[in-house]
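Computation of the quantities below employed the complete heavy-atom set of this structure, encompassing side-chain atoms and omitting hydrogens, waters and symmetry-equivalent molecules. As the structure is a computational prediction, the values presented were derived from the model and not from experiment.
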Amino acid sequence: MAGAEVYGALWFELATHAMRQEPYAAGLADVMVAAQLREFTRIYARLTTPAKAARLARLTVAVGQDLIFDLLIDRDRRAADAAVREFSRMVRRELDGGVIRDECR
């Protein structure tokens, strides 16, 4: 998350421009959301159904972006890292049916 601490505020500022549908920010929706959703969906689809992969991808992007947002505001890196670890365990349980494989730890 070191990059998030350096560039995070700019990321969220640009997101605001995309939310307002500013013409110069038209391509940001793909970079900021759609590309991440596609990639997480692709990865998760190897381990579950396409529908479940899409739902987990949306959740992963949302949780990740919010944890970065929180970190930028409260600077509590330990809490953010702990939340990432816990969320990762939750996703693994969903993908593995409760069994966490060693290579995923």
Side-chain angles (χ1 to χ4, degrees):
M1 275 205 222
E5 292 170 343
V6 174
Y7 300 108
L10 177 60
W11 174 270
F12 287 104
E13 177 150 350
L14 290 172
T16 301
H17 294 244
M19 288 177 219
R20 292 183 181 151
Q21 298 181 342
E22 300 290 351
Y24 54 82
L28 291 178
D30 186 59
V31 173
M32 296 181 139
V33 179
Q36 293 179 67
L37 289 175
R38 282 192 303 271
E39 189 59 19
F40 279 114
T41 300
R42 183 187 68 77
I43 292 166
Y44 293 155
R46 291 186 276 171
L47 303 167
T48 191
T49 66
K52 188 172 191 176
R55 286 192 306 272
L56 286 173
R58 175 69 65 173
L59 184 60
T60 299
V61 171
V63 168
Q65 288 181 353
D66 189 61
L67 286 172
I68 292 168
F69 185 83
D70 292 352
L71 174 64
L72 293 169
I73 293 172
D74 68 13
R75 303 288 186 203
D76 191 344
R77 179 67 182 259
R78 262 174 56 165
D81 287 347
V84 167
R85 284 190 300 276
E86 180 63 26
F87 180 73
S88 296
R89 284 191 292 269
M90 291 169 57
V91 170
R92 286 186 194 115
R93 282 192 301 269
E94 282 293 311
L95 294 173
D96 296 338
V99 177
I100 299 175
R101 297 183 309 258
D102 286 338
E103 69 270 15
C104 292
R105 289 186 188 178

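By the 4.5 Å heavy-atom criterion applied to side chains, Arg93 and Arg89 are counted as neighbours.
Asp96 CG to Leu47 CG: the interatomic distance, rounded to the nearest 0.5 Å, is 7.0 Å. Distance CG/Leu28 to CH2/Trp11: 8.0 Å, rounded to 0.5 Å. Atom-to-atom distance recorded for Gln36:CD and Glu39:CD is 10.0 Å, nearest 0.5 angstrom. How far CD of Glu22 is from CG of Leu14: 11.5 Å, rounded to the nearest 0.5 Å. With rounding to the nearest 0.5 Å, the separation of CZ in Phe12 from CE in Met32 is 8.0 Å. Atom CG of Leu56 sits about 12.0 Å away from atom CD1 of Ile43, to the nearest 0.5 Å.
The closest donor-acceptor contact from the side chain of Thr48 to the backbone of Tyr44 lies at 3.5 Å or more, if one exists at all. Judged purely by atom type and a 3.5 angstrom limit, Glu94 has no side-chain atom pairing as donor or acceptor with the backbone of Met90.
Within a 6.0 Å sphere centred on CZ of Phe69, other residues, nucleotides and ligands contribute 12 heavy atoms or fewer.
The minimum heavy-atom distance linking Ala54 with Thr41 is given by the pair CA-OG1, 3.8 Å. Here the shortest heavy-atom pairing between Ala9 and Leu72 reads N-CD1, 3.8 Å. Minimum heavy-atom separation, Ala45 to Ala53: N-CB, 3.5 Å. Annotation for Val33 and Arg58: closest pair CG1-NH1, 4.1 Å, computed over non-hydrogen atoms.
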**Item:** Derivation of the side-chain contact (heavy atoms from CB on, under 4.5 Å) call for Val61 and Gln65
**Value:** CA-CA 6 Å; Val61 171; Gln65 288 181 353; 3.7 Å; yes
**Message:** Checking Arg55 against Lys52 for the side-chain contact (heavy atoms from CB on, under 4.5 Å) test, could you report, in this order, the C-alpha distance in whole Å, the side-chain angles of both residues, the deciding distance, and whether it holds?
**Reply:** CA-CA 5 Å; Arg55 286 192 306 272; Lys52 188 172 191 176; 3.7 Å; yes
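With Val63 as the fixed residue, the side chain to side chain contact (heavy atoms under 4.5 Å, CB included) test singles out one of Thr60, Asp66, Leu59: Leu59.
Under a hydrophobic clustering in which Ile, Leu, Val, Met, Phe, Trp and Tyr are joined whenever their side-chain heavy atoms come within less than 4.5 Å, directly or via other members, Val31 and Val6 fall into different clusters. Using a 4.5 Å cut-off between side-chain heavy atoms of Ile, Leu, Val, Met, Phe, Trp and Tyr, with links allowed through other members, Leu37 and Met19 fall into different hydrophobic clusters.
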